[in-house]
Amino acid sequence: MYHHYLNAPEGFPKPYVHITADDEGVTSIYFVNEKKALEAKSAITRQCVKELQEYFKGKRLTFTVPLSMPGTEFQKRVWQQLCNIPYGEMWSYKQLALTLGSVNYCRAVGMANSRNPISLIVPCHRVIGHDGKLVGYTGGLDIKAWLLEHEKNKKMKSKQN
């Protein structure tokens with residue numbers, strides 16, 4: 001298992017982004033207050049750091065780093081659909097459930113979101129409550145709000161240029 005820490009951008013609610021990977025791809029991304037594991041970097045973690053830095057600078061809208069995400073077939077479907085939510089957009093849990101086949105999947109979609117181990121790259125932060133409120137983000141609602149505001153600002157800036 002590889003571990004790599006990225007210093008979070010200024011103003012971000014946590015000081016570090018902790019990236020883990022195996023030989024196949026990134027296995028997790030979490031936002032942390034301290035470095036608890038010894039760093040053991042790999043080509044995959046270095047690529048992930050580079051892409052995250054580009055994202056935070058507003059120069060990357062999608063990610064190409066390989067991912068290694070074990071999960072149920074349903075979880076994998078949800079996580080794949082999350083990756084189809086465009087940068088700077090927000091979908092409701094209901095909207096996400098409907099793209100997967102049924103409004104009755106809302107609760108299961110929420111559970112799959114909460115088990116997403118690769119925050120930000122698999123953008124579960126783009127899913128909000130049906131009433132437009134920020135709900136359910138494992139990293140904390142302060143981080144969810146920061147990421148959504150970051151994407152909104154970068155998207156607006158790119159439209160102005």
Going hydrophobic residue to hydrophobic residue with side-chain gaps under 4.5 angstrom, can you get from [X] over to [Y]?
X	Y	result
Leu148	Leu141	yes
Val127	Tyr87	yes
Met90	Leu98	no
Val49	Val17	yes

Approximate separation, where rounding is to 0.5 Å, of [X] [atom1] and [Y] [atom2]:
X	Y	atom1	atom2	answer
Lys94	His130	NZ	NE2	8.0 Å
Cys106	Met111	SG	CE	14.0 Å
Tyr93	Cys124	OH	SG	7.5 Å
Phe63	Ile29	CZ	CD1	7.0 Å
Asn113	Gln81	CG	CD	11.5 Å
Ser119	Ile19	OG	CD1	11.5 Å

Point to revise | Ring geometry between His18 and His3 (parallel below 30°, tilted from 30 to 60°, perpendicular above 60°) | key: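 Ring orientation, 0 to 90° scale: parallel.
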
Using the side chain to side chain contact (heavy atoms under 4.5 Å, CB included) rule, take Trp91 and Thr99 through it: C-alpha gap first, then chi angles, then the decisive distance, then the call. CA-CA 11 Å; Trp91 288 11; Thr99 66; 3.8 Å; yes

What's the shortest heavy-atom distance between [X] and [Y], and which atoms?
X	Y	answer
Val65	Val26	CG2-CG2, 3.8 Å
Gly11	Trp146	O-NE1, 3.3 Å
Val135	Ile128	CG2-C, 4.2 Å
Thr45	Ala21	CG2-CB, 3.7 Å

Does NZ in Lys50 sit with more than 12 non-hydrogen atoms of other residues, nucleotides or ligands closer than 6.0 Å?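 No, NZ of Lys50 has 12 or fewer neighbouring heavy atoms, counting only those of other groups under 6.0 Å.
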
Quick one: are [X] and [Y] in side-chain contact, heavy atoms under 4.5 Å?
X	Y	value
Tyr55	His150	yes
Ile143	Tyr137	yes
Asp142	Phe12	no
Phe31	Leu120	yes
Gln47	Ser42	no
Ile118	Trp79	no
Glu89	Arg126	no
Asn7	Pro15	no

- [ ] Any chance you could lay out the side chain to side chain contact (heavy atoms under 4.5 Å, CB included) test for Met69 and Lys76, step after step, and finish with the verdict?
- [x] CA-CA 8 Å; Met69 298 179 69; Lys76 290 177 182 180; 5.9 Å; no

Quiz item: Is the backbone N or O of Val122 less than 3.5 Å from a side-chain atom of Asn116, with the two atoms forming a donor-acceptor pair by type?
Solution: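 Yes, because the side chain of Asn116 sits within donor-acceptor range (under 3.5 Å) of the backbone of Val122.
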
- Under 3.5 Å, is there a donor-acceptor pair between the Asp23 and Tyr2 side chains?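 Short answer, yes.
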
Check the side chains of Ser68 and Thr27 for a donor-acceptor pair under 3.5 angstrom, ignoring hydrogens and angles.
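Side-chain D/A pair, Thr27 to Ser68: absent.
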
Kindly indicate, with the supporting measurements, whether the criterion side chain to side chain contact (heavy atoms under 4.5 Å, CB included) is fulfilled by Tyr105 and Val78.
-> CA-CA 10 Å; Tyr105 293 162; Val78 171; over 6 Å; no

Query raised in the report: Is any side-chain N of the basic residue among Arg77 and Glu73 closer than 4.0 Å to the acidic one's carboxylate O?
Result: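 Between Glu73 and Arg77 there is no salt bridge, as every charged N stays at least 4.0 Å from the carboxylate O atoms.
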
Task: Carboxylate-amine/guanidinium contact Lys59 Glu54, below 4.0 Å - done: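 No salt bridge links Lys59 with Glu54.
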
Show every ring-ring contact (aromatic ring centres under 6.0 Å, His included) that has at least one partner inside residues 106-126, sequence neighbours left out.
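ring-ring contact (aromatic ring centres under 6.0 Å, His included) check on residues 106-126 returns no pairs.
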
Query - Partners passing side-chain contact (heavy atoms from CB on, under 4.5 Å) against Lys36 (at least two apart in sequence or in another chain) - result: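 In terms of side-chain contact (heavy atoms from CB on, under 4.5 Å), with neighbours along the sequence ignored, Lys36 is linked to Tyr5, Glu34.
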
